[in-house]
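Data block below; observations after.
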Amino acid sequence: MRIIGITGGIGTGKSTILSILKKEPNSFIVEAVTLAHQLMEQGQAAYKKIVDVFGKDILDSNGNINRNVLGKIVFEDVNLLKQLNEIVHPAVKKYILSDIQKKSEQGFQNYIIEAALLIEDGYKEVCDEIWYVYVEKEERIRRLIKGRGGNRDKWEAVIQNQSSDDYYRQYSDFVIDNGENLTKTEDVVKELLFKSG
């Protein structure tokens, strides 16, 4: 089974790449953010640790973690954000490593991991190859304003706080330019998927 990592900055259209890959049989896709949210639910790996660190004020009336409340806390304090990441990221990675084994036994040909911090979180050692989704900055800002609202300054600040294009290129095996038309992107993705698959 081939393990493929997909990464890139905000507004590059990683979800577009996943939507193409979801059409392919024998490929299993994990989105790290979605998995992280699942692992924060009651009874899951990260729940108790998060409540122990951040207290019961982050819980709603049903005892679930209110991610909006937690988000406001951590994004105002870089140290608290670091603490949260140190709980959630290892839990996500542990789950994925276990799941890779299961999916291999089930006969999947490709296991695809999508995460913004894929390289930073050490998945280079887990993946056979890493695909970097690239779109030039101006187009990313245009897409973000159109799709999520906000203004130019907001999205420029977010992009500035993420890893640089040079960083992604240094640690990636392939670059997918997702700034052109969807048909061309789809052709590139399929070519990469079947080049040695």
Side-chain angles (χ1 to χ4, degrees), residues 5-21 29-40 46 49-50 53-55 57-58 60 64-93 96 112-124 127 130-182 184-185 188-189:
I6 294 177
T7 194
I10 192 168
T12 56
K14 296 184 293 297
S15 57
T16 300
I17 306 304
L18 293 185
S19 69
I20 297 167
L21 290 167
I29 297 169
V30 169
E31 295 175 66
V33 169
T34 303
L35 177 57
H37 292 165
Q38 291 169 0
L39 295 176
M40 290 167 65
K49 290 179 183 176
I50 292 171
V53 171
F54 294 94
D57 289 344
I58 63 166
D60 64 19
N64 298 309
I65 293 172
N66 184 323
R67 293 204 311 270
N68 290 331
V69 172
L70 181 60
K72 284 176 184 172
I73 293 169
V74 299
F75 288 116
E76 289 173 4
D77 187 326
V78 69
N79 291 319
L80 290 176
L81 178 59
K82 185 171 181 282
Q83 277 186 281
L84 178 63
N85 287 339
E86 285 171 353
I87 295 168
V88 176
H89 291 190
V92 168
K93 196 170 188 179
I96 286 174
I112 297 155
I113 308 164
E114 182 275 317
L117 298 176
L118 191 87
I119 298 163
E120 294 88 334
D121 282 346
Y123 284 91
K124 184 80 174 164
C127 298
I130 291 179
W131 301 358
Y132 163 44
V133 185
Y134 167 80
V135 173
E136 64 177 46
K137 181 180 168 187
E138 290 302 316
E139 176 62 14
R140 290 167 68 186
I141 292 170
R142 187 192 69 77
R143 289 180 184 181
L144 287 163
I145 292 171
K146 183 181 177 184
R148 305 192 196 187
N151 58 34
R152 181 183 184 86
D153 289 346
K154 173 186 176 179
W155 296 117
E156 273 197 328
V158 172
I159 290 170
Q160 188 66 34
N161 283 329
Q162 294 189 330
S163 296
S164 68
D165 177 52
D166 287 342
Y167 177 84
Y168 282 119
R169 288 177 186 270
Q170 181 183 349
Y171 292 103
S172 299
D173 300 290
F174 301 101
V175 177
I176 299 170
D177 187 336
N178 194 28
E180 299 186 46
N181 64 65
L182 183 59
K184 186 165 183 181
T185 298
V188 170
V189 170

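For the numbers below, each heavy atom of this structure counts, side chains included, while hydrogens, waters and symmetry mates do not.
Counting only distance, with no hydrogens or angles, the side chain of D173 and the backbone of I130 share a donor-acceptor pair below 3.5 Å. Here the side chain of T12 pairs no donor or acceptor atom with the backbone of V135 at under 3.5 angstrom. One N or O on the side chain of K14 and one on the backbone of G8 form a donor-acceptor pair closer than 3.5 Å. Under the 3.5 Å distance criterion, the side-chain polar atoms of R152 are left unmatched by any main-chain donor or acceptor of I141.
In this structure, the separation between OH on Y168 and CD on Q162 is 5.0 Å, given to the nearest 0.5 Å. How far CG of L182 is from OG of S19: 7.0 Å, rounded to the nearest 0.5 Å. Summarising the geometry, atom NZ belonging to K93 is positioned 9.0 Å from atom CG belonging to L118; distances are rounded to the nearest 0.5 Å. To the nearest 0.5 angstrom, L117 atom CG is 10.0 Å from Y123 atom OH. For the atom pair CD1 of I65 and CG of D60, the computed distance is 9.5 Å after rounding to the nearest 0.5 Å.
Partners of Q160 according to the side chain to side chain donor-acceptor pair (under 3.5 Å) rule, which considers only residues two or more places apart in sequence or in another chain, do not exist here. A search for side chain to side chain donor-acceptor pair (under 3.5 Å) contacts involving D177 returns nothing, not counting sequence neighbours. Remark: E136 pairs with no residue by the side chain to side chain donor-acceptor pair (under 3.5 Å) rule, at least two apart or across chains. For E139, the salt bridge (charged side-chain N to carboxylate O under 4.0 Å, His left out) partners are R142, R143, not counting sequence neighbours. Considering only residues two or more places apart in sequence or on other chains, T16 meets the side chain to side chain donor-acceptor pair (under 3.5 Å) condition with none of them.
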Please table the atom pairs, donor to acceptor, closer than 3.5 Å between any side-chain atom in residues 66-76 and protein atoms at least two apart or in another chain.
residue, atom, partner, partner atom, Å
N66, OD1, N68, N, 3.0
N66, OD1, V69, N, 3.2
R67, NE, H37, NE2, 3.3
R67, NH2, H37, ND1, 3.4

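Minimum interatomic distance between A36 and V88 (heavy atoms only, all atoms of both residues): CB-CG1, 3.5 Å. Taking both residues in full, the closest heavy atoms of R148 and W155 are given as CB-CZ2, 3.6 Å, listed atom of the first, atom of the second, then distance. Taking all atoms of both residues into account, the shortest heavy-atom contact from S172 to Y132 is OG-CB, 3.3 Å.
Contact of the M40 side chain with the I50 side chain is registered, since non-hydrogen atoms from C-beta on lie closer than 4.5 Å. Counting only heavy atoms from C-beta outward, the side chains of D165 and R169 approach each other to under 4.5 Å. Side chains of H89 and V92 form no contact here, defined as non-hydrogen atoms less than 4.5 Å apart. Side chains of I96 and I113 form a contact here, defined as non-hydrogen atoms less than 4.5 Å apart.
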- Given L81 and D77, is the side-chain contact (heavy atoms from CB on, under 4.5 Å) satisfied, shown in steps? CA-CA 6 Å; L81 178 59; D77 187 326; over 6 Å; no
- Item | From CA spacing to verdict: side-chain contact (heavy atoms from CB on, under 4.5 Å), R140, I159 | CA-CA 9 Å; R140 290 167 68 186; I159 290 170; 3.7 Å; yes
- Task: In sequence, state the C-alpha distance, the side-chain angles, and the governing distance for V188 and W131, and then conclude on side-chain contact (heavy atoms from CB on, under 4.5 Å).
- Result: CA-CA 11 Å; V188 170; W131 301 358; over 6 Å; no
- When you look at L84 and F54, which way does the side-chain contact (heavy atoms from CB on, under 4.5 Å) test go after all the steps? CA-CA 9 Å; L84 178 63; F54 294 94; 4.0 Å; yes
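In K49, the NZ atom is not crowded: 12 or fewer heavy atoms of neighbouring residues, nucleotides or ligands sit closer than 6.0 Å.
Side-chain atoms of E120 and S163 form a donor-acceptor pair, as typed in the model, at a separation below 3.5 Å.
Exactly one of I6, I17, L18 qualifies for a side-chain contact (heavy atoms from CB on, under 4.5 Å) with V189. That residue is I17.
Figure legend: cation-pi geometry between K124 and Y171 absent, as NZ or CZ is not positioned both under 6.0 Å from the six-membered ring centre and within 45° of its axis.
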